[in-house]
Structure formats: structure tokens, C-alpha cells
Amino acid sequence: MRFQLTADQRALRDVLRGLLTRRFGGAALRAAVDAPGLDRALWRELGDVGFFALRLPEADGGVGLGLPEAVLAFEEAGRALLPGPLVATHLAAGVVPGAAGGEAVVTAVDGRLVEWLAEADVVHGEAGAAAGAVPLRSVDPLTPLHRVAAPAPADPVASLLTAAEQLGTATRACELAVQHARTREQFGQPIGAFQAVKHLCAQMLVRAEVARAAVYAAAVTADPVDIAAARLLADEAAERGARDCLQVHGGMGFTWESEVHLHLKRAWVRAQRGGGSTESEELLAADLVA
Amino acid sequence: MDLAYTPEEEEFRARLREWLAKVLPTLPPKPSPDDWPARRSYDLGWQRMLHDAGYAGLHWPVDAGGQGATPTQHLIYLEETENAGAPYVGAGFVGLLHAGPTIAAEGSAEQRARWLPPILRGEEVWCQGFSEPDAGSDLAALRTRARRDGDAYVVSGSKIWTSHAEVADWCELLVRTDPSAQKHRGITWLALPMDAPGVTVRPLRTLAGSAEFAEVFLDDVRVPVANRVGDENDGWRVTMVTLSFERGTAFVGEVVACRRVLGELARTARRNGRWDDPALRRRLGRLNAEFRALWRLTQWNVSEAETGGGVPGVGGSVFKLSYSHARQELYDAAADVLGPESLDLDRPWVLDRLSSLSYTIAAGTSQIQRNIVAERILGLPKGR
Ligand SMILES: Cc1cc2nc3c(=O)[nH]c(=O)nc-3n(C[C@H](O)[C@H](O)[C@H](O)COP(=O)(O)OP(=O)(O)OC[C@H]3O[C@@H](n4cnc5c(N)ncnc54)[C@H](O)[C@@H]3O)c2cc1C
């Protein structure tokens, strides 16, 4: 048993982190918030590096990797707050023309919502699933949302990739909180020297690391019960992590200016995908008496 | 990332399983929890069987008399023995998990030859005399004094919360040898024979009603200098080797057991009607997620130890924080399933609920663990 990242997996993660830092760093994030819309050039670049075609067999022009690699890629996307219907386009690779290479932007109904409907070229899934979709004023400035009448059935792989994005947010929120706690001074010392702040940060890490083990394991087993567990823990790690990150930032955390709220809002958006926590908990309960 | 076990690991598992199926039915009946001498001989008898079958000190290095098994084999061992209902390490805990590994890492050849084989053969029991009335979380504030007198140290002071003290032959004892030095610098590690003149053990009842630990009073006790492991005043470093073992793989079997209990809870709830309550189902479902994740985190940490080798790191604090909390939640959920019966000490899980309360205190409280995570992993500044 070797439940650790392989050298190749670490390399893949590093390449993606490098690309996203270069192409969607702090300044680009700010710019995207000020001028919402999908960056098609970036979408193509993601296609070029195989983000969407990651799990497509090489014979079909894909990268031929598996769920563990996809999970690492989506974790990086989550960390960077990369906007767009990433999960839907990834799942459409090899099915919807143009999805694999990032030429097409593909969205899908997930739960009762559709992300990026107006910008998408294709709505993947049952025909007419997004018919009559009503726009809502999305809480997340980087995720336009439409509501649909009938929910789409939850897809376990979509749920796992969402969990991976949440894991990225949980980790990033912890890093941001720690950075701030080390540098911001009050009462003549860094606020990170105060135990109340320290313990918030420690719990953020604990939740993120427990979720990480669950998400990576679910990527290896692809078992629906493992995925439900991973999703529950990752949702919680992301939502509570981003919230605690905001708390550590004080008034600054409550501003539009700071990026902290973007992490929390995205975590909320992702948490609505699929069946939500009730369904996961019921599945995990049923597993106990199976 | 791979969760599959190698053919060699599977073979190890199969052989162990076969052996367990053969020997477990031959075990004597479990002694009553209050009968300490009987518990001691039961626990040591099991250790003897492990020894004779070549499973003693599985994770110890070969040159210390262990089997030099890989961390993954150790994980498999703990998983299989738990699943088969084998006895716990019990009174052998300190010897096998703290004192023994410390002596193996830091002791002289003579010390290793004297103390390690009886631990592995199930002949001698060790206890851990670290905490004192005024030195708990702040362990380095300990005051039990050792004064050099010829070829012996003369030790005076008292220890508290010493588990298994009543049935121990030896105590890994931390004493202050240089009161003028900075507090971490003046500490020494000694092996104290529990039958030495001047040692008095007074059992303490826990909130569960039984005497699981004790106070140990030391009144001019002479301990040979030859019983010192490591240098004089270097005991803090020697001790840290031990504590990091304590925070490593110690809970593997327990996570397996908790997952089994969770299944039993769900089945009990189905029988008694509590299962119809969606809030209870969701509570148990969430616990299922947590314990599945804790099992994966265990596998992750074990794989990390296997690739990195050596002493498990501070990652054990992350695990302990999450696990101790989840364990308490588990037995609170058990009370939710049992309803009024959760107040009956004769019902299953009721004593477990009580003992789960110690998990956020013993071996470093949750607050101390959070300090460790924040300062040593996240690099936040030390505070006062
Ligand atoms: C079942 C059990 C078995 C044990 N077995 C042994 C044994 O065999 N050998 C042995 O040597 N010891 C043993 N112990 C002792 C155990 O290690 C101590 O209880 C533990 O280290 C806490 O010390 P304390 O009890 O003095 O509590 P204190 O240190 O007084 O702590 C009291 C409270 O203050 C908090 N606190 C203290 N310092 C800080 C800080 N810096 N920041 C934030 N909060 C803080 C703690 O978290 C806790 O909530 C055992 C304990 C238990 C419960």
C-alpha cells in the first residue's frame, strides 16, 4: 500500500499550480470580479494542458489519467478560485465536441442550479433540462446561476470533483488565515500568537487534512459511499474554513476588497451541487445497516 | 496514490488471520476489569503467545529483538487483531509503545539486553511516571528531585495519573537532576524498579468507577545510575522520542473498533425504533463519514512513515485532535440510540462513553495539540 502522491502526481499538481498562479493570480482574480465573464483564452489554455481531457483515454486524444489525477487538478482549480463550469466541461470531454480541448464551454444542471448558463455553448445532460431556467442574482460574483424547476440526478464523479475543489478552498483558507495571523499585529504582537486565533487556524488544518484523506481515498476507490463521505467532510472543511479565515481577517475580511469572501461564497455555491448533505448522510447511514 | 496491498502484505495478513483463528479460541476467559492482577496475567499471557508465534515487537527494529515489520504490516496487524477480537495490548502498553522504543533508541547495549526481552516475552510491565500534580500539560515543570549519591540517584517527589502503576515492575521516570538549569535542560530519564524501598502506590478511581491510574510517592528512593537512559540532564530529548511514538500509530485498532461499534449502533437503532428519526440517521451517517476518513488518514500517515521512515511526526496531532473528538461524538450518539438505558452502567457503551472523556485530556490535551499544530505545522508564533 502506498497511499501517498506519486512523483508524477506531485509534478502534475505543481505544473497546474504554476499555470494558475501565472494566469489567474491575485490581480486576475480582482479583474475577473470587476468584469465578470468567462476568459475563453484561459479556457483554451486549460484545454491545451489537458485539464478537461485528463481522464479521456489516450486513444481518444486524451491524457489517459484517472480520478486521482483529476482530483488533484480540481483541488488546484478550487484553490485558485478558477471560475467557469469546470466540472461539467470535464465530464463532457469526449462526449461533447470541443469540450476536451477547451474550445467549448459546457455546463450542466446540477441539483436545482445551472452555473454559467448564459456563457455556455452547450448544456450537457438530458435534453431540455435547462429549459425555462430562471436567472438569479448570484451571491458569488464569479458564478452566474440559473434555477431550474426539476433537479438533475446527482452524479458521483461530479460530486467527487466538487469535493476536490472544496478541499482546495479549505487548504487555501487556512494558508490565508495563517499568513495574515503571522503579519497582522495587535497589542504589540502578531495576532497569531493569541491562542484563540491559533486554535482557529489549527482546526482549519485538521478539518482540511481529514477531508484530504477522504477525498484522495474516494478518488482511488470511486466508491459512492466513499465519495459521499469525502463530499460531506470537504464541504464542511471549505465552508467553515473560509468562515474562520474571514474571522481571522477581522474588518478586512468583511470587505469586498479582500479575497476572503470569494472563497466563502464559492464554497457555498459548490455545497449546493448534487443532492446536498442530507442525501450524503442518508447514504452513509444506509451503508451502516447494509 | 494506491490503497491496494502488495502480495507480500496480503500474505502477511493471511498468515496472521490463520494464526488468530487457531489461537484465539484457546484463550482463557477475560478477567473482570477490576481485578488488576488477573488483568496483568491475561495481558502478559497474550503477549507471550505473540512472542512465541513471532509477532512480538512487530514494529520494533530487529536489533532490539523486534520483527522490523514495515509500518503497513503493523497497520495490518492492528487491523486484523482488532477484527478478530484479539486482546488489547493492555498492561503491555507502556513497555511496548513508550518505554521499550525509547530504550531501543537511546539505551546502551546492556540496557537493551536487560529490559527489552522481558517486555517482548510478556514478563515485565512498565508504567509511565511523567505527570506530577503541578506538571501536567507543562510537563517540563516537573519537580521530582534526583540527587546523585555515589552510584545511585536518590529520588524524592510524587507522580500522578500513572496508569498500570499497581501492576508495574518498572516505571519510566522523569526526574529533575539540575534545578538551576533552564526547565527543559535539567531533566533525566530513569528506569525505576517499582519494588524499590520508598515507592508507595495509591490507586485513584476514575470517573468510570475503577482504578485505572494511581499516585506514586517517591521517598528517598535509590535508583542505580546504571538505570539512567541517555545522559544526565538530557531526559527531555529522550522523552520526546517516546512521546512522538505515543502520538503515532497508537489508535489504529481503536478506529477499526469504532467503525464496528458504529455499525452495531445502527443495527440497535433499527431494532429499537430510533432509526425512524432522520436526525439520528444523519448523525450516524456523518459519523460514518468521519470514521471512514480517519481510517484513510491512518493509511495516509502509515504510508508516509513508510516512505519517510523513522519516527512519526507531528501529523499525529492532527489525527489525535480529530479522532478524540469523533470518539466522544460516537458514544454521545450511542446514548442518543439507547435513550434512558444510556444511564444504566450495565448496558454496553455506557462505560465506553465515560472513558471516551479522557481522550481529549490524556497524552496531550486537545488545547495542547492545537498549540502543537499551530506552532509546529503552521509556523504561528509561540505565545505566552
Ligand atoms: C486516563 C488518563 C491516563 C493517564 N495516564 C498517564 C500515565 O500513565 N502517565 C503519566 O505520566 N500521565 C498520565 N496521564 C496524565 C496526562 O498526561 C495529563 O492529564 C495531561 O497531560 C494534562 O495534564 P493535567 O491533567 O495536569 O491538566 P492541566 O495541564 O492542568 O490542564 C487543565 C486544562 O488547562 C488547559 N491548558 C493547560 N495548559 C494550556 C496551554 N498552554 N494552553 C491552553 N490550554 C492549556 C488544558 O488543555 C486543560 O483543559 C493520564 C491522564 C489520563 C486522563
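A, B, ... follow the sequence lines: proteins, then strands. Residue 1 opens every chain.
Heavy atoms of Trp295(B) lying under 4.5 Å from chain A are absent altogether. Heavy-atom distances place no part of Val215(A) under 4.5 Å from chain B, backbone and side chain included. Only the side chain of Glu282(A) has a heavy atom closer than 4.5 Å to any heavy atom of chain B. For chain B, the nearby part of Gln203(A) is the side chain; its heavy atoms alone come within less than 4.5 Å. For chain B, no part of Glu175(A) is nearby; none of its heavy atoms comes within less than 4.5 Å. Looking at Gln299(B), both its backbone and its side chain come within 4.5 Å of chain A, counting heavy atoms on both sides. Leu72(A) touches chain B through its side chain: at least one heavy atom from C-beta onward sits under 4.5 Å away, while N, CA, C and O do not. Interface remark: Ser280(A) contributes no atoms to any contact with chain B (heavy atom separation under 4.5 Å). Within the 4.5 angstrom heavy-atom criterion, only side-chain atoms of Arg292(B), from C-beta onward, approach chain A. Using a 4.5 Å cut-off between heavy atoms, Leu265(B) makes no contact with chain A at all. The parts of Gln367(B) that come within reach of chain A are both its backbone and its side chain, each placing non-hydrogen atoms under 4.5 angstrom from that chain. With a threshold of 4.5 angstrom between heavy atoms, Arg286(B) approaches chain A through its backbone and through its side chain.
Considering OG of Ser322(B) and CG of Leu205(A), their distance stands at 11.0 Å, rounded to 0.5 Å. One distance of note links CD of Glu290(B) with CG of Leu232(A); it measures 9.0 Å at 0.5 Å rounding. Between atom NZ of residue Lys198(A) and atom NZ of residue Lys382(B) there is a gap of 7.5 Å, rounded to the nearest 0.5 Å. Taking CE of Met1(A) as the start and CG of Leu3(B) as the end, the distance is 7.5 Å to the nearest 0.5 Å. A distance of 6.5 Å separates NE2 of His199(A) from CZ of Arg370(B), quoted to the nearest 0.5 Å.
Contact between Phe3(A) and Trp300(B) at its shortest, heavy atoms only, is O-CE3, 2.8 Å. The shortest non-hydrogen separation linking Val289(A) to Ala266(B) is CG1-CB, 3.6 Å. In this structure, Ala214(A) and Ala293(B) approach most closely via the heavy-atom pair CB-CB, 3.8 Å. Considering all non-hydrogen atoms of both residues, Leu378(B) and Val178(A) come closest at O-CG1, 3.5 Å. Closest approach of Ala289(B) and Leu233(A) over heavy atoms only: O-CD1, 3.6 Å. Closest non-hydrogen pair, Trp275(B) versus Ala285(A), comes out as CH2-O, 3.5 Å.
When atom types are taken as modelled, the side chain of Arg182(A) and the backbone of Gly379(B) share a donor-acceptor pair closer than 3.5 angstrom. Although no hydrogens or angles enter the test, the distance criterion places no donor-acceptor pair under 3.5 Å between the side chain of Gln4(A) and the main chain of Thr307(B).
Counting heavy-atom neighbours within 6.0 Å of Glu18(B) CD, excluding the residue itself, gives a total of 12 or less.
Chosen from Leu262(B), Thr72(B), Thr6(B), the residue pairing most often with chain A at heavy-atom distances under 4.5 Å is Leu262(B).
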